[in-house]
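Quick note on labels: first sequence line is chain A, next is B, and so on, each numbered from 1. Quick caveat: nothing in here was measured; it's all calculated off a predicted structure.
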Amino acid sequence: MDKTFQPQQIEDYWYKSWEERGYFSPTGEGTPYCIAIPPPNVTGRLHMGHGFQHAIMDALIRLHRMQGHQTLWQVGTDHAGIATQMVVERQLAGANTNRNEVGRVAFVNKVWDWKDESGGIITQQLRRMGSSLDWSRERFTMDEQLSNVVQRVFISLYEEGLIYRGNRLVNWDPELHTAISDLEVNSEEEDGYLWHFNYPIVDSENYLTIATTRPETMLGDTAVAVNPEDKRYAHLVGGFVELPLCNRRIPIISDNYVDPEFGTGCVKITPAHDFNDYEMGKRHGLEIINILTDDASINDDAPEAFRGLDRFEARERIVEALKSLGLLEKIEPHKLKIPRGDRSGVVVEPYLTHQWYVATQSLADPAIKAVEDGDIEFVPKNWENTYFSWMRNIQDWCISRQLWWGHRIPAWYDSEGNIFVGSSESAVRQKHQIPEGKELRQDEDVLDTWFSSALWTFSTLGWPDDLEYFDKFHPTDVLVTGFDIIFFWVARMIMMTLKFTGEIPFKKVYITGLVRDEHGQKMSKSKGNILDPIDLIDGIELDALVKKRTSDMMQPHLRQKVEKLTRASYPAGIAAYGTDALRFTYYSLASTGRDIKFDVGRTEGFRNFCNKIWNAARYAMMNSEGKLLSSERNPAEYSSADRWILSRLEQTTEDVLAALADYRFDLASQSLHEFIWNEYCDWYLELSKPILWDEDKNPQAAESTRWVLLTVLERSLRLLHPFMPFLTEEIWQKLAPLIGIRGDSIMLQPYPELDPANFDEAAQAEITWLKGIILAIRNIRGEMDISPAKSIRAFLRGSDEQDKIFLQLNRVYLQKLAKLESIEWLSPDQPTPTCATGLHDSVEVLVPLAGLINVSAETARLKKEIGRLEADLKSASGKLNNKKFVSRAPEPVVIKERAKQEKIQAALAALREKLGELNNPLT
RNA sequence: AGGCGCGUAGCUCAGUUGGUUAGAGCGCUACCUUGACAUGGUAGAGGUCACCAGUUCGAAUCUGGUCGUGCCUACCA
């Protein structure tokens with residue numbers, strides 16, 4: 001074995017070996033356990049959020065597989081309509097063409113080519129994470145089988161009247177030329193202006209001053225509104241204003257929606273270009289005038305002077321024109337929320353179009369009930385509030401997208417505009433008896449990607465035609481996902497799955513936090529703080545990292561800033577930490593908070609942890625080379641140290657199992673880290689040395705120790721395997737045979753179960769005592785500046801026979817671990833030379849000065865210790881002197897406090913006496 | 001404007017139903033290449049648990065308020 005753990009040498013080998021041997025597919029007869037992967041974008045790349053969530057899912061999957069369940073982690077990807085189409089369109093733009101020139105069929109073929117070319121990247125990256133996904137069942141939302149489900153669901157909802165076509169305002173992305181749902185719009189506060197314009201009042205010399213943030217929309221104004229309670233304008237309601245530049249008269253109406261406090265208290269109403277105005281237009285029967293094209297430039301229904309202008313240019317021209325007419329009252333700076341498409345980043349326009357909608361109300365009711373009744377549980381629980389608040393105000397879902405990449409809407413129109421929905425043109429003709437001569441045209445649009453994702457848990461399991469897996473694994477057990485897609489995906493899956501299968505899609509929803517950088521900033525390309533999980537595994541040179549972060553930037557002017565930040569954060573680049581260290585970092589950060597600040601320092605720490613385990617294994621195996629271990633064990637031969645470490649391991653097993661049952665991966669990982677490093681390595685390994693190095697003296701003890709050393713490590717590896725699959729497999733393969741365990745892989749070994757017989761109070765007490773004495777001596781050494789190389793003498797003094805017995809039993813350990821020349825027992829009345837003193841419980845630990853020790857240093861040390869004890873005593877005595885405490889606190893608490901007080905008093909007395917002796921030596 | 005969350009060591013975070021000497025990792029200080037590991041060992045420094053009030057014998061933990069901070073939803077044109 002190498003002296004240090006080299007993850008890159010083993011990871012690929014083991015992953016391939018597992019995959020080839022089919023270990024990721026469900027086997028056996030146990031209770032089925034299933035997780036459906038949240039399908040990543042087929043052409044995407046792995047990011048930290050994926051890494052985090054897959055680490056969690058893989059731990060759950062490996063745990064249940066080891067626990068004997070038939071375990072399926074269903075894998076697949078989605079087609080990510082908008083994102084993927086954008087990529088290919090950009091390529092076309094690079095080649096000086098566009099999708100319209102290429103044509104629909106050829107374009108879609110190009111997307112498939114792109115998918116075939118780059119679609120494997122993310123699945124390869126998932127493998128690098130160690131994810132034990134069942135690749136033999138990989139699915140894609142555009143697969144024929146899944147597409148059939150999409151179509152079937154669409155038709156069925158349509159026939160039931162739950163899908164309809166509507167003409168209403170949608171969020172329109174003028175760059176992508178498609179409608180997008182409210183969820184795909186991000187509104188951020190930006191700096192803008194509030195323009196005040198004067199609209200001349202008809203039959204009057206006066207003006208009505210309106211305020212607007214979007215002057216260009218005035219071309220589509222069809223009213224001006226005031227609040228009915230607003231006395232300033234009451235007399236004008238019912239009258240008209242002359243709409244400047246447009247030669248139109250529009251009415252002055254009153255509506256409660258208008259806030260008299262804001263702006264001038266007087267609002268222009270543009271029903272075709274604002275959601276609120278649209279509603280008001282409906283209330284008042286106003287005309288709806290659309291003034292934009294698909295590109296968001298001014299259309300031909302607007303005055304000639306502005307036709308064809310881009311919306312922002314039109315804005316400037318209109319302000320100019322109004323100014324020259326003397327109708328510009330003033331311009332105020334104003335902060336407002338600007339809605340931008342989350343894919344394109346351009347300002348989204350409310351736009352009147354025909355789209356397809358899902359009527360969600362009847363689907364939402366049972367979906368709400370499923371969570372209310374506890375059939376589906378969110379972890380942590382308070383996410384249920386988020387779910388409820390959205391579901392109870394749910395809007396109809398706009399599912400059509402004006403794209404070519406996706407599931408085409410199975411609807412056909414005749415020349416009169418009649419709609420026919422069916423699985424194909426011929427099916428439609430047959431059903432509605434439409435003669436061949438009559439032309440039918442299929443709807444050009446495709447469905448929102450989330451529509452197919454909503455069917456994911458059951459479509460991937462073969463519903464409705466091949467029910468073997470569906471019957472076995474559905475509902476799935478848990479969904480692991482981020483809170484950012486509770487609405488996009490989780491809620492919609494619950495609705496659709498209940499509707500079509502009558503089952504919930506999953507029993508639990510584990511909501512993870514969002515991975516941010518070490519300062520809590522969201523990771524984004526423009527901030528330049530993106531970390532790539534693969535770089536943390538393989539490492540990356542600083543220059544390569546800078547290049548990666550600054551290439552393909554949307555805003556090139558940020559390049560310098562990003563470079564500076566990167567060089568400051570990672571002056572030496574990123575080291576290759578390996579998958580196990582990265583995964584362990586994710587677990588350690590997986591607490592209940594909603595922000596996960598990712599700190600590379602922790603990954604480095606866990607890389608060191610991997611190395612620690614590696615070296616512990618190296619030690620255990622080096623000491624077992626060529627030794628025959630009989631598998632017949634007689635626990636009576638176990639030493640206290642043996643029984644102690646077995647007891648601690650049992651406690652760790654209990655803690656890990658409890659933490660996992662609660663989805664507290666942070667607690668599970670912490671408890672494993674603590675046990676392996678601070679108990680097994682720091683203490684048990686050290687305690688084993690005197691036994692193993694002196695094997696001739698007591699061969700039987702040595703063999704027991706060797707056995708326990710290997711057994712505890714082997715079981716720890718199994719406990720650890722769901723978290724660190726590669727390291728544990730590599731070591732386990734070599735180690736397990738030494739204690740007679742046969743098996744092809746640690747993956748297929750049983751996960752440790754609780755065995756309370758291993759708890760051993762007596763051994764715990766003894767080793768706690770031993771550690772306490774060693775610590776006291778080391779403390780004296782450390783603070784007295786006694787070289788670790790120097791052997792020293794020590795005495796223990798006390799009145800408890802138990803302590804004397806412990807000394808006899810543990811003399812060898814004490815001598816080795818505290819580097820003692822000798823250690824002897826003194827009864828309380830025996831005099832001592834001048835000593836440095838430490839305490840463990842009631843035992844005094846004495847190190848003779850004999851020229852070693854600086855008296856003033858020891859005096860200072862004792863005074864510090866005395867000060868500490870005095871503070872503790874004050875707190876304990878304070879409580880006990882309080883009559884109310886004694887009378888009202890539960891008995892055990894009072895008893896505990898009394899014991900504490902007595903212990904401190906005794907310790908104080910001892911130390912004070914020593915202090916006195918130091919300054920007034922007896923000898 | 002509503003809703004949710006957070007504020008504990010220099011940094012990143014644990015702290016279960018109130019009773020601990022308030023913990024871990026990283027960083028820091030001193031010493032140590034001892035036969036698993038310097039990706040290491042030993043010892044140590046460092047916290048009025050944001051602030052105020054209340055409940056309680058007892059509050060980091062429960063209640064109310066204040067301040068700071070983050071996110072989500074809905075928005076005033």
Side-chain angles (χ1 to χ4, degrees), chain A residues 1 3-5 182 187 194 210-214 217 225 257-259 261-270 274-277 334 336-337 382-383 385-386 389-390 393 483-484 486-487 514 516 518-520 522 575 577 581 588-589 591-602 604-623 658 662 664 666-667 670 673-674 678 681-682 685-686 689 693 775 778-783 785-789 819 868-869 871-872 875-876 878-879 882-890 892-894 896-897 900 904:
Chain A
M1 282 177 86
K3 205 172 163 185
T4 53
F5 173 52
D182 339 353
S187 290
L194 199 53
I210 57 92
T212 180
T213 55
R214 297 163 65 211
T217 63
Y257 161 77
V258 181
D259 175 3
E261 304 294 318
F262 187 85
T264 59
C266 189
V267 184
K268 62 192 258 331
I269 303 301
T270 324
D274 182 282
F275 289 100
N276 290 309
D277 291 7
H334 181 67
L336 71 164
K337 293 266 178 104
N382 42 356
W383 287 109
N385 295 331
T386 308
S389 72
W390 189 70
N393 295 295
F483 58 79
D484 47 334
I486 290 179
F487 308 144
L514 221 60
R516 298 165 179 282
E518 71 273 25
H519 306 295
K522 213 166 173 166
Y577 297 118
S588 73
L589 295 171
S591 58
T592 55
R594 40 204 278 177
D595 293 326
I596 310 291
K597 287 184 204 165
F598 193 90
D599 185 355
V600 182
R602 305 226 27 192
E604 187 178 347
F606 292 128
R607 188 268 317 256
N608 297 352
F609 179 46
C610 291
N611 190 54
K612 191 78 178 173
I613 298 168
W614 180 258
N615 275 286
R618 217 156 70 90
Y619 170 84
M621 287 191 276
M622 277 163 63
N623 280 286
D662 281 346
R664 288 301 302 271
D666 59 327
L667 298 181
Q670 197 184 345
H673 184 269
E674 158 81 14
N678 301 111
C681 291
D682 282 355
L685 235 68
E686 295 305 321
K689 286 176 182 175
W693 292 349
L775 255 23
R778 284 179 182 165
N779 177 276
I780 291 170
R781 273 187 181 278
E783 300 211 338
D785 249 348
I786 299 169
S787 156
K819 183 107 179 154
R868 213 177 267 165
L869 288 170
D872 293 346
S875 129
K879 282 184 193 172
N882 182 342
K883 278 181 195 139
K884 284 181 178 170
F885 172 74
V886 179
S887 60
R888 295 200 197 178
V893 175
V894 178
K896 196 175 148 194
E897 208 61 34
K900 194 165 123 192
I904 299 170

How is [X] classified with respect to the nucleic acid when contacts are heavy atoms under 4.0 Å: base, sugar-phosphate, or nothing?
X: A:Arg778; result: sugar-phosphate
X: A:Cys610; result: nothing
X: A:Leu685; result: base
X: A:Arg781; result: nothing
X: A:Gly878; result: nothing
X: A:Lys597; result: sugar-phosphate
X: A:Val886; result: nothing
X: A:Leu775; result: sugar-phosphate
X: A:Pro892; result: nothing

By nearest atom, which of the nucleotides [options] is closest to the [X] side chain?
X: A:Lys3; options: B:rA43, B:rU73, B:rC37; answer: B:rC37
X: A:Lys900; options: B:rC71, B:rU21, B:rG41; answer: B:rU21
X: A:Tyr257; options: B:rA14, B:rC71, B:rA77; answer: B:rA77
X: A:Met622; options: B:rU12, B:rA77, B:rA36; answer: B:rA36
X: A:Ala889; options: B:rG19, B:rG41, B:rA77; answer: B:rG19
X: A:Arg607; options: B:rU39, B:rC71, B:rA36; answer: B:rU39
X: A:Asp682; options: B:rG41, B:rU12, B:rA43; answer: B:rG41
X: A:Asp259; options: B:rA77, B:rC71, B:rC37; answer: B:rA77

Taking the nucleotide of RNA chain B with the closest heavy atom to each, which residue, A:Ser588 or A:Tyr619, is nearer the 5' end?
A:Ser588
Between [X] ([atom1]) and [N] ([atom2]), how many Å, whole number?
X: A:Phe885; N: B:rG18; atom1: CZ; atom2: P; result: 16 Å
X: A:Phe5; N: B:rA38; atom1: CZ; atom2: C1'; result: 19 Å
X: A:Leu589; N: B:rU12; atom1: CG; atom2: C1'; result: 8 Å
X: A:Asn623; N: B:rA36; atom1: CG; atom2: P; result: 7 Å
X: A:Lys884; N: B:rG58; atom1: NZ; atom2: C1'; result: 12 Å
X: A:Asp484; N: B:rG70; atom1: CG; atom2: C1'; result: 15 Å
X: A:Arg664; N: B:rA14; atom1: CZ; atom2: P; result: 8 Å
X: A:Asn779; N: B:rA45; atom1: CG; atom2: C1'; result: 13 Å

Check the angle between the aromatic planes of A:Trp390 and A:Phe487 and answer parallel, tilted or perpendicular using the 30° and 60° thresholds.
parallel
Considering only atom [atom1], compute the distance from [N] to [M] and round it to an integer number of Å.
N: B:rG68; M: B:rA60; atom1: P; result: 25 Å
N: B:rA77; M: B:rG54; atom1: C1'; result: 46 Å
N: B:rG47; M: B:rC67; atom1: P; result: 29 Å

Name the pairs: protein N/O against N/O of nucleotides 1-8 of chain B, kept only if under 3.5 Å.
from  : atom 1 : to       : atom 2 : distance (Å)
B:rC4 : O2'    : A:Arg594 : NH1    : 3.1
B:rC4 : O2     : A:Arg594 : NH1    : 3.4
B:rG5 : OP1    : A:Asn382 : ND2    : 2.9

Could you please name the partner base of [N], counting Watson-Crick and G-U wobble pairs only when both distances are under 3.5 Å?
N: B:rC71; answer: B:rG3
N: B:rA45; answer: none
N: B:rA36; answer: none
N: B:rG25; answer: B:rC11
N: B:rU55; answer: none

With a 4.5 Å cut-off on side-chain heavy atoms, are A:Tyr577 and A:Val600 touching?
yes
Phosphate contact (B:rC13 OP1 or OP2) by A:Ser591 side-chain N/O below 4.0 Å
no
Is any side-chain N or O of A:Arg868 closer than 4.0 Å to OP1 or OP2 of B:rU21?
no
Please tabulate, one pair per line, each protein N/O and nucleotide N/O from nucleotides 23-34 of chain B that are separated by under 3.5 Å, including the distance.
none

Nearest 0.5 Å, please: how far is NZ in A:Lys900 from CD in A:Glu897?
4.0 Å
